[in-house]
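Labels below follow one simple rule: chain letters A, B, ... track the order of the sequence lines, proteins then strands, and each chain is numbered from 1.
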4 protein chains.
Amino acid sequence: MPKSPAPRVHGDVNGESTVRRGRPTGDHAAKRAELLKAATTVIARDGYANASLRKVAQQAGCTTGAVTYYFANKEDLVAALAESRFDRYDAMLEAARAEPGVKKLFERWLELTTGDPEFWPVMSQLFAHARYEPGFAALIERRYARFREVYTSILARGQEQGTVRADIPADLLADQLSAMGDGWMMMFPFEPERFTPARVKALLDAAITLITPAPTTRRAT
Amino acid sequence: MPKSPAPRVHGDVNGESTVRRGRPTGDHAAKRAELLKAATTVIARDGYANASLRKVAQQAGCTTGAVTYYFANKEDLVAALAESRFDRYDAMLEAARAEPGVKKLFERWLELTTGDPEFWPVMSQLFAHARYEPGFAALIERRYARFREVYTSILARGQEQGTVRADIPADLLADQLSAMGDGWMMMFPFEPERFTPARVKALLDAAITLITPAPTTRRAT
Amino acid sequence: MPKSPAPRVHGDVNGESTVRRGRPTGDHAAKRAELLKAATTVIARDGYANASLRKVAQQAGCTTGAVTYYFANKEDLVAALAESRFDRYDAMLEAARAEPGVKKLFERWLELTTGDPEFWPVMSQLFAHARYEPGFAALIERRYARFREVYTSILARGQEQGTVRADIPADLLADQLSAMGDGWMMMFPFEPERFTPARVKALLDAAITLITPAPTTRRAT
Amino acid sequence: MPKSPAPRVHGDVNGESTVRRGRPTGDHAAKRAELLKAATTVIARDGYANASLRKVAQQAGCTTGAVTYYFANKEDLVAALAESRFDRYDAMLEAARAEPGVKKLFERWLELTTGDPEFWPVMSQLFAHARYEPGFAALIERRYARFREVYTSILARGQEQGTVRADIPADLLADQLSAMGDGWMMMFPFEPERFTPARVKALLDAAITLITPAPTTRRAT
DNA sequence: GATGAATGAGAGTTCATTCAT
DNA sequence: AATGAATGAACTCTCATTCAT
């Protein structure tokens, strides 16, 4: 009792959605990326708790079966999503490391986090749920540790060069600044109107002021 | 469709004894509080996305029906939970306002957030999901605004008295410090072992150092 | 957004199916038994591999949710089904033990297995799949051991009384006879037409002939 | 919709060399046999209800498409599997017929069924599900009838020669003995530890004792 | 006041099957 | 000859919610 899904239609000229089966030229990695994009959109829009594979499929314009074909299960999808997000984070860190200075780092961070309006929302959702999926939690812990490490090294260099206050250990400073960023990330989705570009700039400038050494020596002269 | 039996009144604002006719009063509020406690435990343990009314009922040792009897629906329960949590936050703020000084505020905050091991986990879960339940989001926005306001006023007073650096507007400082706290709150459930009492103290001390005025002027004299 | 399932109708006079919610006078055990009966019918009709909770619900005239309300999961349902079937088996054994004689046992067995046309089909399906559900396999092993034990004791008594041949140990005889019954049980659903009452009687009579002592001694006299 | 490429012919009845043009023949049959072996393993391991074409493909180390390429559908695969299993049974019967005597038959049967540890498990699974796939049920009925027929003829010959008791018609005896074998086959996968070689031998010896004529010679005394 | 039977939608997942390549 | 992307239906199970009792 074969249940062929309605009369097969393809190569239509109207641009209507066609039913395609069989083996397309599909690029596995590309399709996965496409589905991850769809998942990002869904999670940013509906939140993690209300996101479902069905919605992801719908967003991507394919069937649920296709999603589970490319990802073993939901956890796999979410993990891949987290990886891809952190890959962007890592790329940013790499770039920031090349051109030192905390200010540059802030700029890169701002660029990354504001360039994509879904970045903050989806990241905060992933963080919130990571705790309850062990493998996922490990991933974040690992990636986050790396992030703090780079942060610390940049600040330490700044301290050597006298551009960053030295009365607080670099690792504590890194912890404070990254927590600050996380805090904003968490609150941003609530009241995006509060985070105007102007205010974000003011906040970052203030952060730089916070960690800049006091002009004591110069004044003593 | 709030099911709270209208005729019952208790816990009135004036502190006067309220009308106690018929059934023993306080039962209703007490039972709600009990259920909220159970909900807190469940959310802290399983995460918001994996929390269900069933689990809450089970945790509280009662039936599913009882939960929906005391709360119109899930959103109602979660909103009440958020209210109760913020009530504790407000109480803390009230106390902090009475005995000024940023250091005192930090101590109060620390007391609140570390006194209950479920506090941070449940709060971060509630924040993460608030965005997607409109009424809930409004609640948090309102409460959070109030929180920043108190924070700002305390910092402003510090600036007047010279105990807080004045080169950054008080509202920006408040934003930065509260974001810092939020960031820690978000990360704490992941790696609680990283937040030893010693490190938390170091972080708070460093935060105080950050906002303390540079000792230049004194030296210049 | 409450999704009350269509306008509530009940107490209709037409005999049409009504939608009933809330708490009926329902007897928990009775409803479970009802669902087990439905499961029996479905498995006997479609086979274990094609049986689903949906079909069971449909057969019982209720929703899938109701089934999972009464049984934690599919395995639980199947285990309960097996228990109930074996309870009947045990009752039969008890009765057979009271009135000894292999012939009586055969009669009881026949009564049980032919009284319900679904008995053999469902039993053979349960046996076939038991191997792959550990808890279920243990149940069957336990029950089946008990069955062989009773069988053996009845045969041993027969041997003492000289009604059963003594040249084969009773436990081997029991194993052979019960295997014979199992074999028929397995084949019966295939070709029920082959197992006419007359032939079944002939087979059982032949089985009795098989285990009756050879009439040598009598003739020697 | 059988997909076997029509022009290819091999394994013809006459034993003459068949047409071998174009691609190397035998590949097709060999691959099918390979897949059947994989299917046997999967069914024996996971049971029929939990067997899937996916698992068969995986077990065979090929793709899902390959399976559906060599077999029109699942039923086709299962039918082919049953055929191949019964082919071995038939070969055994043929051999047993050549060298008469019930004992020889038992030995052959034992050889067949214990030689391959997957034989009993997969056979009992196939039997259990045959009822619910009509074509398959017909196949088994046909093959099984043949089996009983051979069994009967061997027993009848034994009766003529006085090596098998004549007080029970041969067809009933065949029915009983084959049912006995089926019963063991059904139970074996459950408690293989119970069927030690020693016990199996004892059971078969006892079966021979059962059908051996009573030692009437003593009667003459 | 409180219960718990029952609902129906939707979740994640598996599956046999199709077919362009 | 063989692949593997994709389908869509069906599966088990969980859930918030309703309501007669």
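Using a 4.0 Å heavy-atom cutoff across all strands shown, C:Ala51 reaches sugar-phosphate atoms only and no base atom.
For A:Arg54 and E:dG10, a side-chain-to-base donor-acceptor distance below 3.5 Å is absent, hydrogens and geometry of angles not being considered.
The separation between A:Leu77 atom CG and E:dT13 atom C1' is 14 Å, rounded to whole Å. The interatomic distance linking D:Asp76 (CG) with E:dA16 (P) rounds to 14 Å, in whole Å. Counting to the nearest Å, the C1' atom of E:dA6 and the CG atom of C:Leu35 are 12 Å from each other. Taking atom CZ on D:Phe71 and atom C1' on F:dA1, their separation rounds to 15 Å, with Å as the unit. Rounded to whole angstrom, the span from the CD atom of B:Glu133 across to the P atom of F:dA16 amounts to 11 Å. Distance NZ (C:Lys31) to C1' (E:dT7): 12 Å, rounded to an integer number of Å. A straight line from CG of D:Asn50 to C1' of E:dT14 spans 11 Å, rounded to a whole angstrom. Between the P atom of F:dA16 and the CD atom of B:Gln58 lies a distance of 13 Å, rounded to the nearest Å.
The closest donor-acceptor contact from the side chain of C:Arg32 to the backbone of C:Tyr70 lies under 3.5 Å. With hydrogens and angles ignored, the 3.5 Å screen pairs no side-chain donor or acceptor of C:Tyr48 with any backbone N or O of C:Val122.
Where C:Glu75 and B:Gly65 meet DNA chain F, the nucleotide closest to each residue was compared, and C:Glu75 sits on the side nearer the 5' end. A residue-by-residue look at C:Asn73 and A:Thr63 shows that A:Thr63 has its nearest nucleotide of DNA chain F further toward the 5' end. In terms of position on DNA chain E, the residue among C:Ala66 and A:Lys55 whose nearest nucleotide sits closer to the 5' end is C:Ala66.
Look at A:Ser52 and you'll find a side-chain N or O under 4.0 angstrom from OP1 or OP2 of E:dA11.
The side chain of C:Lys74 has F:dT12 as its nearest neighbour among F:dG8, F:dT17, F:dT12. Comparing F:dC13, E:dA16, E:dG12 by their nearest atom to the side chain of D:Leu53 picks out E:dA16. If you check F:dT7, F:dC13, F:dG4 against the side chain of C:Thr68, the one that comes closest is F:dC13. Of the candidate nucleotides E:dT13, E:dT17, E:dG4, E:dT13 has the atom lying nearest to any side-chain atom of A:Thr64.
Looking only at side-chain heavy atoms (C-beta outward), A:Val42 and A:Gln58 stay at 4.5 Å or farther from each other.
Under the Watson-Crick or G-U wobble criterion, with both distances below 3.5 Å, F:dT3 is paired with E:dA20. The pairing partner recorded for E:dT13 is F:dA10, the criterion being a Watson-Crick or G-U wobble arrangement whose two distances lie under 3.5 angstrom.
The local environment of CD in A:Gln59 is crowded, with over 12 non-hydrogen atoms from other residues, nucleotides or ligands closer than 6.0 Å. Dense packing is recorded around CD of D:Glu34, with more than 12 heavy atoms of other residues, nucleotides or ligands lying under 6.0 Å away.
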